[in-house]
Visitor: 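Handing you this structure, nothing more for now.
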Amino acid sequence: MILQNHLERGVRVKVGQHFGTIRYVGEVPNTEGEWIGIEWDDPERGKHSGSVNGVQYFQTRSPKAGSMIRSEKLTKFQTLEQAITEKYISTEDTLRLDSEMIRAVQKQLHAPLFEIVGMEKVGGKQSNLQLLVDVSVRYCPVNAAGDLSSFVNLQMLDVSSTLLWNWTVVANIAEQIPTLQELNLSNNRFVDPYEEQISMLAQKFQNIRKIILRSCALGSWSELVRLARMWPAIEYLSLEQNNIAYIEDEAPYIVAFSRLSHLDLQNNSVRDVESIRNLGKLPALEELLLNGNGIRELSFSEDSPHNEKVELFRQLRTIYLRDNPLQDQCSTFNELDKLARLEHVTVDPDPTVSYEETVARIVGSIGGLRMFNRSKISEKLRRDSECDMWKLYANQWAEVRNDAQQLKAFFKSHRMYPRVMERLGSPEQFLPDTRKVTNMIHLQLLNEKTAELREKKVPKRINLHTLQNLIVKLFGLPDCTSSLRLYLLDRKRKVRIPLENHGRSLDFYSVEDNDTIVFD
């Protein structure tokens with residue numbers, strides 16, 4: 001039975017496998033005894049929104065998240081001390097149960113010599129509270145600290161999906177375990193501390209470096225920033241699945257997160273350009289997880305020169321961008337090139353191109369990139385990717401190279417291009433030949449007997465027999481094509497080359513524009 005004085009608004013409770021928060025404690029007309037009004041974490045678990053027989057006793061966020069229940073149905077609370085003892089400490093009862101379990105397994109397997117190797121060592125270690133370093137009481141109905149003075153080496157504590165609801169209790173845990181550095185508080189719901197409590201609680205969290213608050217219904221960045229003032233040494237913060245949508249540009253969060261190097265915002269709704277820019281003001285941030293936020297574009301600065309980095313994200317080395325509907329990956333990669341220390345990016349391949357082309361785009365675009373999707377980038381891959389980009393944008397470069405303003409705009413949109421040109425030179429060799437291609441050539445036709453010279457434009461592939469007929473008509477000669485001999489006059493070498501095979505064309509003999517054909 002839960003003590004009545006433990007039940008108040010905001011207290012977390014558990015019934016079976018369902019978690020909820022007390023929103024009302026009191027009577028309901030025409031009934032006997034005390035009722036507990038619960039808002040369930042599962043929005044479909046209840047029957048109403050806090051209204052019973054037309055009276056609104058409390059208000060839930062979802063229309064069917066509320067229930068009225070008796071306190072007898074609630075799971076009994078535990079202190080953290082009790083939960084750890086029950087899970088990790090071997091008592092006479094647990095040793096007896098372990099022995100019975102082993103005998104049952106031996107009988108079932110028909111293996112009387114079967115034993116669990118190392119069972120004695122594990123039991124001995126678990127029985128010694130001072131040796132515990134990493135503890136998890138996930139799903140235990142913990143809502144208070146208890147006496148934790150025995151945990152002198154504990155560094156990591158998982159109290160996710162428990163019944164913790166008050167930051168004062170969490171601070172008490174942290175204060176009692178000065179070696180504690182990491183707290184997993186996921187899937188809990190906390191009441192906001194009073195303003196005067198924050199500075200007092202901060203002294204108790206001074207050793208905590210890592211806090212995980214996955215699925216805690218925080219709802220807003222400003223609320224989180226207020227809480228962060230309690231964590232003066234925070235370096236790692238996970239806020240996955242908290243319905244955070246907008247990152248305000250407020251000075252307090254820069255101070256609160258002055259040491260924050262890792263921030264996990266996966267599966268929230270941080271998708272607008274301004275919010276991401278505001279995150280860039282975190283002074284020590286090295287790793288940022290933005291998977292699954294619905295991000296369509298990145299824009300860190302619109303007027304940044306192509307050869308300069310932006311002031312945002314000055315320490316960022318890794319960014320995760322998977323499961324986002326990025327509209328233009330090339331533009332995204334160009335923006336990421338503006339970050340001074342970026343080395344690792346994860347992003348989904350563009351479905352409209354091959355995976356190899358996605359790799360070439362990102363490796364060729366981001367100068368300092370060392371890893372892509374957790375794979376190391378070799379120097380050969382970098383050179384090949386930059387060469388691919390060099391060829392890909394050659395035509396666009398050629399179109400604007402003679403216009404200073406357009407060329408400047410091109411370099412801003414393709415920051416890597418000046419760097420690649422500096423290494424590989426001008427891409428003119430990859431430009432298409434715009435010269436007009438013709439199949440006709442001009443010939444000088446010379447009658448050796450009369451010295452008469454005429455010009456004629458003929459196809460390159462005209463054969464010699466057809467050319468003979470043309471000469472007969474052009475010069476008014478008698479029909480003597482069979483005896484007409486043709487020569488190509490090579491003026492440079494001062495020789496005449498006989499054109500004897502009348503079935504061959506002029507290009508077979510490499511006849512060029514303005515060459516002279518002599519006949520007799």
Visitor: Please list, chain by chain and in numerical order, all residues satisfying side-chain hydrogen bond (donor to acceptor under 3.5 Å, both in side chains) with R12, sequence neighbours excluded.
Guide: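 Only T21, D41 meet the side-chain hydrogen bond (donor to acceptor under 3.5 Å, both in side chains) criterion with R12.
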
Visitor: Mark yes when over 12 heavy atoms from residues, nucleotides or ligands other than Q17 sit less than 6.0 Å from its CD; otherwise mark no.
Guide: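 No, not enclosed.
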
Visitor: Calculate, to the nearest 0.5 Å, the distance between atoms CD1 and CZ belonging to I173 and F205 respectively.
Guide: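 Rounded to the nearest 0.5 Å, the CD1-CZ separation comes out at 8.5 Å.
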
Visitor: Would F372 and T358 count as a side-chain contact (heavy atoms from CB on, under 4.5 Å) here? Give the steps.
Guide: CA-CA 10 Å; F372 171 57; T358 298; 4.2 Å; yes

Visitor: Which heavy atom in H442 sits nearest to a heavy atom in D513, and how many Å separate them?
Guide: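 The answer is N-OD1, 2.5 Å.
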
Visitor: Can you see which heavy atom on L237 is nearest to which on L213, and at what distance?
Guide: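 Of all heavy-atom pairs spanning L237 and L213, the closest is CD1-CD1, 4.4 Å.
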
Visitor: Starting from the C-alpha separation in whole Å, work towards a yes-or-no answer on side-chain contact (heavy atoms from CB on, under 4.5 Å) for W231 and L260.
Guide: CA-CA 10 Å; W231 315 319; L260 189 69; over 6 Å; no

Visitor: Within this structure, what is the CG-CD1 distance for the pair L185 and I212, rounded to the nearest 0.5 Å?
Guide: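 Spacing of CG (L185) from CD1 (I212) equals 8.5 Å.
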
Visitor: Check T318 against L342 and note the closest heavy-atom contact, atom names and distance.
Guide: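 For T318 versus L342, the nearest heavy atoms are N-CD1, 4.1 Å.
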
Visitor: Mind checking the CG-CG spacing from L227 to D192? Nearest 0.5 Å is all I need.
Guide: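 CG of D192 is found 6.0 Å from CG of L227.
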
Visitor: Looking at every non-hydrogen atom in both residues, tell me the closest pair between V310 and L339 and how far apart they are.
Guide: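 V310 and L339 have their closest heavy atoms at CG2-CD2, 3.9 Å.
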
Visitor: Would you give the length of the straight line joining atom CG of L279 to atom CH2 of W221, rounded to the nearest 0.5 angstrom?
Guide: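 L279 atom CG to W221 atom CH2 measures 5.5 Å (nearest 0.5 Å).
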
Visitor: Start with the C-alpha gap between Y320 and E287, add the side-chain angles, then the distance that decides, and say whether side-chain hydrogen bond (donor to acceptor under 3.5 Å, both in side chains) holds.
Guide: CA-CA 8 Å; Y320 294 81; E287 186 172 44; 3.2 Å; yes

Visitor: If the threshold is 4.0 Å, N to carboxylate O, is there a salt bridge linking E357 and R361?
Guide: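 Salt bridge present between E357 and R361.
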
Visitor: Rounded to the nearest 0.5 Å, what separates atom CZ in R461 from atom CZ in R504?
Guide: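 Reported value, rounded in 0.5 Å steps: 10.5 Å.
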
Visitor: Does this structure show an ion pair linking D249 with R277, if we count only N-O contacts that are shorter than 4.0 Å?
Guide: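 The answer is no: the pair does not qualify as a salt bridge.
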
Visitor: If you measure from the Lys or Arg side-chain nitrogens to the Asp or Glu carboxylate oxygens, is any gap between E44 and K64 under 4.0 Å?
Guide: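 No, E44 and K64 are not salt-bridged.
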
Visitor: Could you pull out all residues at least two apart from Q176 that satisfy side-chain hydrogen bond (donor to acceptor under 3.5 Å, both in side chains)?
Guide: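 Only N172 meet the side-chain hydrogen bond (donor to acceptor under 3.5 Å, both in side chains) criterion with Q176.
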
Visitor: Working note: K338 + E335, criterion salt bridge (charged side-chain N to carboxylate O under 4.0 Å, His left out); need CA distance, chi angles, decisive distance, verdict.
Guide: CA-CA 5 Å; K338 297 177 181 178; E335 287 299 311; 2.8 Å; yes

Visitor: Looking at E428 and R401, is any side-chain nitrogen of the basic one under 4.0 Å from a carboxylate oxygen of the acidic one?
Guide: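 Counted as a salt bridge, because a side-chain N and a carboxylate O are separated by less than 4.0 Å.
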
Visitor: Do the side chains of R226 and E195 get close enough for a salt bridge, i.e. N-O under 4.0 angstrom?
Guide: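 Yes, this pair counts.
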
Visitor: May I ask you to check whether over 12 heavy atoms, not counting those of Y139, lie within 6.0 Å of atom OH?
Guide: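 It does not: Y139 OH has 12 such atoms or fewer within range.
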
Visitor: If a pair satisfies side-chain hydrogen bond (donor to acceptor under 3.5 Å, both in side chains) and one of its residues is in residues 202-214, list it, with sequence neighbours excluded.
Guide: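 Every pair satisfying side-chain hydrogen bond (donor to acceptor under 3.5 Å, both in side chains) with a residue in residues 202-214: R214-E240.
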
